[in-house]
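Okay, structure first, notes after.
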There are 2 protein chains.
Amino acid sequence: MGPEMTESRGRSVRSYNQYCAVARGLDVIGDRWTLLLVRNLLLGPKRYKDLLEGLPGIGTNLLAARLRELEDVGLLERAVLPPPAGSTVYRLTETGAALEPVLMAISRWGGRFLGRPRPEDALVPSAYFVALRAAFQPDVAAHLEETYEFRIAGSVFEVRVDGGVCSTREGEARNPDAVLTLSVETLDALLFEGLSPEDALSNGRVEVRGDPRALDRFLSVFDVRAAALAGMPG
Amino acid sequence: MGPEMTESRGRSVRSYNQYCAVARGLDVIGDRWTLLLVRNLLLGPKRYKDLLEGLPGIGTNLLAARLRELEDVGLLERAVLPPPAGSTVYRLTETGAALEPVLMAISRWGGRFLGRPRPEDALVPSAYFVALRAAFQPDVAAHLEETYEFRIAGSVFEVRVDGGVCSTREGEARNPDAVLTLSVETLDALLFEGLSPEDALSNGRVEVRGDPRALDRFLSVFDVRAAALAGMPG
DNA sequence: CGGAATCCTCTTCGATACTG
DNA sequence: CAGTATCGAAGAGGATTCCG
C-alpha cells in the first residue's frame with residue numbers, strides 16, 4: 001500500500017503511479033546515474049570496469065544495482081565475449097538503444113548550462129562522442145562520406161559520417177580516412193574553444209595518419225555550440 | 001569538498017561533475033518530480049494547488065522546494081495574475097519551455113512501458129493532453145485546421161490543430177469548432193482502447209456542442225499506440 | 001584483477017501536522 | 001490557499017572486504 005511496484009527480483013522500486021507515458025518512462029530511467037550509464041553504452045558494449053571509470057563518482061554497489069535493475073526491465077543485457085577475451089560485457093537492447101532520442105534531446109537542452117569546465121569537472125572522452133551525435137548537422141554533411149578514428153588517452157573511438165547520418169562508437173575504426181591522436185583537452189579546444197585545425201596540427205597537439213585536411217572536414221559538420229544555444233527540436 | 005555545487009539561495013545540489021551536456025542537463029532536471037512538474041506546466045501557468053493536485057504523491061514540502069530550485073535555475077518564474085484573481089502562478093520560462101523535446105522523447109519512449117492502467121494508477125487529465133502532442137501525426141493532419149475544447153472533471157483543455165502543428169493547453173478554447181464533455185475514462189477508452197467515436201456519442205459518454213464529426217477527425221490525427229511502439233525519432 | 005556484496009554515514013524523499 | 005516544520009524511511013556515496 002505504499003507508492004511502490006515490485007519487480008522481478010523482489011526489489012522494490014518507487015513509481016509515480018500515474019497512467020502517463022512520461023511518468024512510466026521516468027519510473028525506468030529516472031533514477032540517478034541511469035541515463036549516464038545508457039549514454040556510455042550508446043557507444044557500444046562495455047565491461048563493468050569501463051563503466052565504473054566512465055562514471056566517476058558512482059559507487060560500485062550502486063553500479064551493480066543499476067545494472068541489475070536495467071537488465072531486469074530489459075534495457076540492457078549481459079553478454080560474454082568470445083574467447084580468448086571471455087569477459088562479460090553489458091550492452092543495450094533495442095529498448096535501451098531506443099533511448100537515443102531522449103539522450104539527444106537532453107544533450108541539446110543541457111548545452112545551455114554547459115559553459116566551460118569547472119575545476120571539479122571530469123572530462124570523460126565518451127561524453128564528447130555522444131555529444132557529437134547531438135551536434136551533427138545533417139544538411140551541412142549531406143555530401144560528406146568519411147570515417148575517422150580518434151585515439152584519446154588510451155581509448156579509441158570511431159566516427160563515421162555518411163549521407164547525412166553520423167554514427168559514433170568506441171573501438172577501432174574500419175577503413176578510417178584519418179587516424180587522429182590527441183588529448184581530451186585538445187578535442188575540447190577544437191570543439192568548444194574554436195582552436196583551429198591548422199594550429200592544432202602545426203603545434204603538434206593533433207597527430208594525423210591519413211589526410212590531415214580530414215580534421216577540417218570533421219569539425220565543419222558539427223556545431224556543439226549551436227546545439228548548446230537552441231533547443232533544436234527534430 | 002563533496003560532489004556538490006552551491007546555488008544562489010545557499011542550498012546545495014548534487015552534481016555529476018562531468019563536463020557533458022547530458023550530465024549538466026540532468027543536474028538540473030534529474031531530480032524526482034521535476035520533469036513531471038514541467039510536464040504539467042507545459043499546458044500553461046498553474047497555481048500551487050493545481051500543481052499539487054496534478055502530482056499525486058508529491059509532498060507539499062518537496063513541491064515547494066522544487067519550485068524554488070527551478071525558479072533559481074531559471075526554468076520557471078512566479079507571476080501574479082491581474083486583478084481580480086490576484087493569485088500567484090508558476091509558469092515556464094523560455095528555458096523551461098525548451099524542455100518540450102525532452103518530454104516528447106520520454107513520452108514516446110515511455111509508451112512501450114505503458115500498458116493498461118494499474119489499480120494504483122492515477123488518471124491525470126493533464127497527462128493525456130501532453131501525450132497528445134507526442135502522438136500527433138503532422139503528415140496525417142496536414143490539411144486539418146480545427147480547434148477543440150475538452151471538458152473533463154472540472155478542467156478545461158484546448159487542442160488546436162493547424163497546418164501540421166498541434167498545440168494543447170489548459171483553459172477555455174478560443175472559437176472552438178467543437179466542445180466535448182467527457183470523463184477521463186472515456187478519453188482513455190477513445191485513445192487507448194479503440195472505443196469508436198460513434199459508440200461514445202450514441203452511448204452519451206461524450207457530449208458534443210458543435211460538429212459531432214469533429215471527434216472523428218480529432219482521433220484520426222493522433223496515434224497514441226503507435227507512439228508507444230516505435231521510438232519515433234524526430 | 002574484474003565483479004561485486006557489506007557496512008556505515010549522509011542526503012533526499014514522503015507523509016503528516018502545523019502556520020501566515 | 002500557500003506554503004513551513006518535523007520526522008521516519010528510503011536512497012546515495014565512500015570505503016572496505018570478499019569471491020573467482
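All chains are named by letter (A, B, ...) in the order of the sequence lines, taking the proteins before the strands, and each is independently numbered beginning at 1. Keep in mind that this is a model prediction, so the values were computed, not measured.
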How many Å lie between CG on B/Leu62 and C1' on C/dT16, as a whole number?
-> 14 Å

Give the rounded distance in Å between these two atoms: CG of B/Asp27 and P of D/dA12.
-> 15 Å

In whole angstrom, what separates B/Arg66's CZ from D/dT4's C1'?
-> 16 Å

Gap between atoms OH and P, on B/Tyr90 and D/dA2 respectively (whole Å) = 8 Å

Starting at atom NZ of B/Lys49, determine the distance to atom C1' of D/dA2, rounded to an integer number of angstrom.
-> 12 Å

Please state how far atom CG in B/Leu81 lies from atom P in D/dC1, giving the value in whole angstrom units.
-> 14 Å

Whole-Å distance, A/Arg14 CZ to C/dG14 P, equals 4 Å

Between A/Tyr128 and B/Cys20, is any pair of side-chain heavy atoms under 4.5 Å apart?
-> no

Reckon A/Arg32 has a side-chain N or O less than 4.0 Å from the OP1 or OP2 of C/dT12?
-> no

Closer than 4.0 Å, any side-chain N/O of A/Arg47 to the OP1 or OP2 of C/dA4?
-> no

With no angle test and no hydrogens, is the base of C/dG14 tied to the side chain of B/Asn61 by a donor-acceptor pair under 3.5 Å?
-> yes

Between A/Tyr19 and B/Phe192, how do the two ring planes meet: parallel, tilted or perpendicular, split at 30° and 60°?
-> perpendicular

Is B/Trp33 near enough to C/dT12 that one of its side-chain N or O atoms lies under 4.0 angstrom from OP1 or OP2?
-> no

Go through the N and O atoms of the side chain of B/Asp31 and the base of C/dT12, and report whether any donor-acceptor pair is under 3.5 Å.
-> no

Can we call the ring centroids of A/Phe129 and A/Phe157 under 6.0 Å apart?
-> yes

Would you indicate, yes or no, if C/dG14 has its OP1 or OP2 atom less than 4.0 angstrom from a side-chain nitrogen or oxygen of A/Tyr16?
-> no

B/Arg160 and B/Ser167: side chain donor to acceptor below 3.5 Å = no

Answer yes or no: side-chain N or O of B/Thr60 and base N or O of C/dA15 forming a donor-acceptor pair under 3.5 Å.
-> no

Could you give me the CA-CA distance, side-chain angles and deciding distance for A/Arg174 and A/Thr147, then say whether side-chain hydrogen bond (donor to acceptor under 3.5 Å, both in side chains) is met?
-> CA-CA 8 Å; A/Arg174 285 182 312 181; A/Thr147 300; over 6 Å; no

How long is the line joining CG of A/Leu55 and C1' of D/dG13, in whole Å?
-> 14 Å

